[in-house]
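FYI, side chains are in, hydrogens and waters are out, and symmetry mates aren't considered; it's all heavy atoms of this structure.
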Amino acid sequence: MHSLLRFIKISRVLMRYRLDSLVLSTPLLKSFKPLVYLIPWHYFPIKKYTRGQRIRLALEELGPIFIKFGQTLSTRRDLLPGDIGDELEKLQDSCPAFDPIKAKQIIEQSLGAPTESLFKRFDIKPLASASIAQVHTALTNDDNEVVVKVVRPDIDKAIRRDIKLMYTLARLFNKHPISKKLRPIEIVAEFEGIILNELDMRIEAKNCLRIGKNFKNSSLLYIPKVYPSLCHKNILTTERIHGIPVGDIKQLKANHIDMKRLAEEGVIIFFTQVFKHNFFHADMHPGNIFVSTNGQYIGVDFGIMGTLTEADKDLLADIFLAFFNQDYKKVAQTYIDSGWISPTTDISAFEAAVKRICEPMFEKLLGEISFGQVLLELIQEAKNFDITIQSQLLLLDKTLLNIEGLGRQLYPQLDLWTTAKPFLEDLVKEKYSVKNTFEKIKDQVPQLLKDIPELPALTINALKQLNKIKDIGPLHAQQTDSIVNQLKDNANRQIYAIFAGALAILSGILAVNEFWLPSLLSSVIALIFWFKSR
């Protein structure tokens, strides 16, 4: 019932701002367009606004989830008319504020003391207001400038209501054939986890501390300091930063910031977070990124962070490199190896589809490429192949779109391929380096050493079971003896090989730690066991 009422409200807001005709122009709903004239709201729209203002106001009225959608869309200026893009940009840090007296009460209730004792100065007027929270400036008792982020009151109820509606719509959409590829219910579940985590400021505080550690002393990205004693589930207090919003191109140029270097470093920061740290800022719209006067990036708002499994991370690196090298067969094969696509898929046809869609991207500047169109074509092509869209990669996809929009704003001539390809090549070299290999082996040694003593007992038990095969009858006795003897010989060789491998691993670890003599002795013994295993 609540979902139905919310759906009615959404319909009313769309009609109130005269966006109903836009929605009903889609192929799926085009046949229902005449029904709009039967609804009274259609004849009493809100006073005249530009189309961009109508879209922004409708998203603001519909609440935080829709504002989040508008924030993401605002980074894609290449896909939007200028007037709409200008209005959606205002969603990034100019959402309607809630009562500042209520914000002060929330802080005092959460931290257990009046603001007068918590801070030397607390500014009641909000500095900024976003979809989830609003920010107030303050001065700590140690004379440090800070910002205090306060979660909107009762926001969790509004979000859960909209999530419930999204599940309802996802179940309806699940009846469409393409839902097998897009998995709408899983996508909603993924989004639910992300946005509910964003409501907990303790999680954001931990994220901020972690990414700050990853970029400690880095010239690429500065992360504000966290004040844990002034944090709570719905309160986050961090160092106040002073910088130029990354979307303020005019001010950046007035400060003589090197736009080309800034755009390139933005790409490097993204790839560093994804492929080196495996912990990336997944809400990188311009409202969350600033630039210092010396040209260093400053990041804020770490409520949404992403991670990938090691397997997915390695596969993505391989896919990116294959794209950069225009090796479409390798792209197709990597998809199959990853399990994202059925082994029965016609690789040649899939390779041809990938080539047709992606080849126009190469040897073009970023400003000449429409990734939105490419992504749309790939989704459409998914209907012709057994391709499953991975829900765990949705955050990465969103972040890639944000990075592209940012790069396009800063320096439209940026050659994304030239910037990213050397980084990924170095990453792959490091991944397969001898030192990195031994480091991974070193991590596995405790488990190997734990399992090795159990191998002889397991082998003996297996042989005892095999000896019982002799009892199956005299007709098969000779064959059984031969099989058992061969298996015994193979088992002995396997044991020798296992010990040889374990000693070789130990030798490598000792060599990495520069214990040369024990390493040499371990290598000699490993060689002896290896000969016995032959």
Side-chain angles (χ1 to χ4, degrees), residues 72 75 181-183 186-198 203-204 206-215 218 220-221 223 266-285 288 299 301-324 330-341 354 371 374-375 378-379 382 387-404 406 416 419-433 436-437 439-440 443-444:
T72 302
T75 65
K181 310 292 184 184
L182 298 178
R183 298 185 295 179
E186 290 184 31
I187 290 173
V188 173
E190 181 88 7
F191 182 67
E192 179 183 25
I194 291 167
I195 198 164
L196 291 180
N197 280 343
E198 196 176 358
I203 294 175
E204 182 171 348
K206 289 179 182 178
N207 292 340
C208 189
L209 290 168
R210 181 175 172 183
I211 197 170
K213 184 178 179 181
N214 288 344
F215 283 94
S218 171
L220 291 173
L221 179 65
I223 305 299
V267 174
I268 296 301
I269 288 170
F270 167 73
F271 281 102
T272 299
Q273 289 183 80
V274 174
F275 293 106
K276 284 195 174 181
H277 301 158
N278 194 16
F279 188 68
F280 58 92
H281 195 324
D283 197 19
M284 295 182 70
H285 63 73
N288 290 338
D301 195 352
F302 302 98
I304 305 178
M305 304 297 294
T307 59
L308 300 172
T309 65
E310 286 295 319
D312 283 346
K313 187 180 72 171
D314 292 344
L315 285 165
L316 281 170
D318 290 340
I319 288 172
F320 274 127
L321 276 177
F323 270 124
F324 292 148
K330 177 68 180 293
V331 173
Q333 189 60 53
T334 302
Y335 265 93
I336 291 173
D337 293 342
S338 71
W340 298 347
I341 187 170
V354 171
F371 282 97
V374 171
L375 289 174
L378 285 173
I379 290 172
I387 300 175
T388 301
I389 297 174
Q390 301 296 300
S391 59
Q392 71 268 27
L393 300 178
L394 290 175
L395 273 180
L396 182 65
D397 292 339
K398 172 180 176 290
T399 308
L400 277 168
L401 290 174
N402 287 342
I403 288 293
E404 181 201 358
L406 175 60
L416 183 64
T419 305
K421 184 178 177 182
F423 180 91
L424 288 173
E425 288 176 337
D426 290 342
L427 183 71
V428 171
K429 288 177 185 177
E430 181 181 339
K431 172 186 169 185
Y432 294 111
S433 67
N436 191 55
T437 300
E439 285 296 325
K440 288 184 178 180
D443 293 338
Q444 297 174 7

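Interatomic distance, I211 CD1 to I223 CD1, rounded to the nearest 0.5 Å: 4.5 Å. Of the inter-residue distances, the one linking I195 atom CD1 with I304 atom CD1 reads 7.0 Å to the nearest 0.5 angstrom. Rounding to the nearest 0.5 Å gives a distance of 6.0 Å between CD of E198 and CG of D301.
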Practice prompt. Kindly indicate, with the supporting measurements, whether the criterion side chain to side chain contact (heavy atoms under 4.5 Å, CB included) is fulfilled by N288 and F302.
Written response: CA-CA 9 Å; N288 290 338; F302 302 98; over 6 Å; no

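Residues that satisfy the side-chain contact (heavy atoms from CB on, under 4.5 Å) test with N214, not counting sequence neighbours, are R210, H277, F279. Annotation: side-chain contact (heavy atoms from CB on, under 4.5 Å) contacts of L196 (sequence neighbours excluded): I159, R160, E192, L199. A search for side-chain contact (heavy atoms from CB on, under 4.5 Å) contacts involving K206 returns nothing, not counting sequence neighbours.
Counting all heavy atoms, side chain and backbone alike, L308 lies closest to N278 at O-ND2, 2.7 Å. Considering every non-hydrogen atom in both H281 and Q273, the closest pair reads N-OE1, 2.9 Å. Residues G306 and A282 share a closest heavy-atom pair of N-CB, 4.2 Å.
The aromatic rings of F280 and F270 sit perpendicular, their planes meeting at an angle over 60°, well past the 30° parallel limit.
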